[in-house]
Amino acid sequence: MENDLNLKATELRLGLPGSDEPERQMIPRPNKRTLSDIVSEGSRSTTEEDHQDTAPPAKVQIVGWPPVRSYRKNCLQGKKDEVEGGTGMYVKVSVDGAPYLRKIDLKVYRSYPQLLLALENMFKLTIGAYSEREGYNGSDYAPTYEDRDGDWMLVGDVPWEMFISSCKRLRIMKGSEARGLGCV
Amino acid sequence: MPKRLASSLSDEVLEHVFSFIQSEKDRNVVSAVCKSWYEIERWCRRKIFVGNCYAVSPEMVIRRFPQVRSIELKGKPHFTDFNLVPDGWGGYVLPWITEMAGAYPWLDEIRLKRMVVTDESLELIAKSFKDFKVLVLASCEGFSTDGLAAIAASCKNLRELDLRESEVDDSSVHWLSHFPETYTSMVSLNISCLGSGEVSFSALERLVSRCPNLRSLKLNRAVPLDKTANILRLAPQLVEFSACTYSAELRSDVFSNLAGAFSNCKELRSLSGFWDVVPDYLPAIYSVCSRLTSLNLSYATILSPDLIKLVSHCPSLQRLLVLDYIEDSGLEALASNCKDLQELRVFPSDPFDAEPNASLTEQGLVAVSLGCPKLQSVLYFCRRMSNAALVTIAQNRPNLNRFRLCIIEPNTADYLTGEPFDVGFGAIVEHCKALIRLSLSGLLTDCVFEYIGKYAKKLEMLSVAFAGDSDLGLHHVLSGCESLRKLEIRDCPFGDKALLTNAAKLETMQSLWMSSCSVSFEACKLLSQKMPRLNVEVIDERGPPDSRPENCTVDKLYIYRSVAGPRFDMPPFVWTKDEDLALRLSP
């Protein structure tokens, strides 16, 4: 009787339908007291992006912490949402060897050359030109991105519109590492 | 027996002498000398400051001080800024305006902070005070551009209109146009909080061009660059200016127009705004940088290299507000260039991200503490800290009077030793003997409170979050800090014992806020019974605290001294020991 009911199909759990990932446990941090956490309205949802992170599990946002005034939060947030009237498309950009990340709004750019120039200016490095056959061979750095399927691709491999809609985050790799990613 | 001096001076002479005494505190001392001085002083007091609008009633103020010209009121608790106080809590200014409209026809200055101000209140102000000059609404809400229109239309002698960080509803009325063409008295105008629909450029330009005494102008972010340049050219006498510099890309004609406009402003000392600024436009302000004493870049997403260039042009800087994009390297540049720096505030560009957005650590603050001998006031958000750094800062800068450190992740330990920050903050309070304001963060045990109680004798305001182990922590602070006026605590294991033991102390303070701590409703009722001149208000949106088991702790607690008794405008989620429904605000 239970087999016919197929309980598993209707089971509530985290993860996309069809995926069989087990429910993620919240790992308590050492030295931490239990906090009276309340998820604030603005908290980001824990998507599969965080599953693949080696970083600590997604934080639950605490109301009123850190103590940044609503006025200031709205100003910074307002800026993020103001781009071209729609919501921005923010992705994290990391550079191998740099200790911190930046965030950029992909919607601001119209083409690969514009994006690459911005990255060069932001991180003070040279990326050089993309060629279909050789990728970014010849430059010290190669821009890569993680797409929706979790694969790491070389920036420039796919048409711009496709890139914009599938890019989840950017990573500027040291040239040597990126050579393996050259297009097939 | 020689005649006592006090009785040989006539009232007029005394009044004349008192007129030189401006400070509130000194005036209060004067009035306590003897009955006749009390009488003379109360008739000639012109300026009133009420730090908590519920501590006293407007009738009481008017009864004692019949000839007031200037009033400053503060309403909601400080933690309202961080969304910890639900909407509708209180802080309504209308009852005050209503009483003062009748009693103080010559009132010319009203300054409000964290209060609910309605259009009705603004219309009443416009109607009642013939010589009205100064209106400052800081972090206020509840009014629209309709109310502003009433002020603009009626207040012929208005000198100052400052809406800093208030929330204003756009009623679509062109309120700026309500200033008559004959109006020329504006000295200070701050409309930086207004949305884009709420300011008409042409009305603004006409207003600016006919007000020759305009010294401070803070515009809102919707003003485009070419308009900014125009306005500056109309008001080259400005001392303070705030404008956004929005643009997609550098245009040389716009740039040179802007640079030219700035170079005319020989009196400019303070700049702020800079939302959406494109770094390429920054050199347009270089001509004024050497004279700048105050710079607020805390809304500008400029990165470290551009910030370093900018800061190196500003050797006279006394006050800098900036985002963590400045990074340690930028703060090192600040330390070597700006020897007059007194106040530094570094805000987080991405406060909710677990990973650091910029290379800003404790090193930057240490560098500034070493390089800037006049540094007194610090507000610093960072993601890592060490006791060694705090001790160094304390030893370098014993002249600090305000120190607010926010280590973003709660319970973060010293990154070098894994220890709590007891020793580090202990050094701060021990060395900085003039410290009046302190905010703690990071991993902290009861020990830090022992140091604070022992050393922080001048401390007036303390903010605590996610700290301490037991009631002993709170007890140390309440029993040791002699000058304490405001204490705000969240998410600490402090409970009934420390509160009840130190009940008497609470009457010497302005207010105590405790949220997500371990205080029971029983203790609140007991405290309220013991101390009739304290208002003990429990904020709990879950329902009547009485209906929950006795050991259940209250959500939020706000205790403040008052000579006005319990307030009459409490919303349904505020609970006191009295079940009297007449004290509730009727829906």
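Below, chain A is the first sequence line, B the second, and so on; all start at residue 1. Please read these numbers as outputs of a predicted model, since none were measured by experiment.
Nearest approach of B/F381 to A/V68, heavy atoms of both residues: CE2-CG2, 4.1 Å. Pairing each heavy atom of A/P66 with each of B/F352, the nearest pair is CD-CE2, 3.7 Å. Contact record, B/R490 with A/V63: NH1-O, 2.9 Å, taken as the closest heavy-atom pair.
Using a 4.5 Å cut-off between heavy atoms, B/F347 contacts chain A through its side chain alone, with no backbone atom that close.
In this structure the side chain of A/I62 reaches within 4.5 angstrom of the side chain of B/F466, judged on heavy atoms.
Judged purely by atom type and a 3.5 angstrom limit, A/R69 has no side-chain atom pairing as donor or acceptor with the backbone of B/E165.
The CZ atom of A/R72 lies 11.0 Å from the CG atom of B/D81; values are rounded to the nearest 0.5 Å.
Taking a 6.0 Å sphere around CG of B/D87, one finds it holds 12 or fewer heavy atoms contributed by other residues, nucleotides or ligands.
Counting heavy-atom pairs under 4.5 Å between each of B/T80, B/L84, B/L303 and chain A puts B/L303 at the top.
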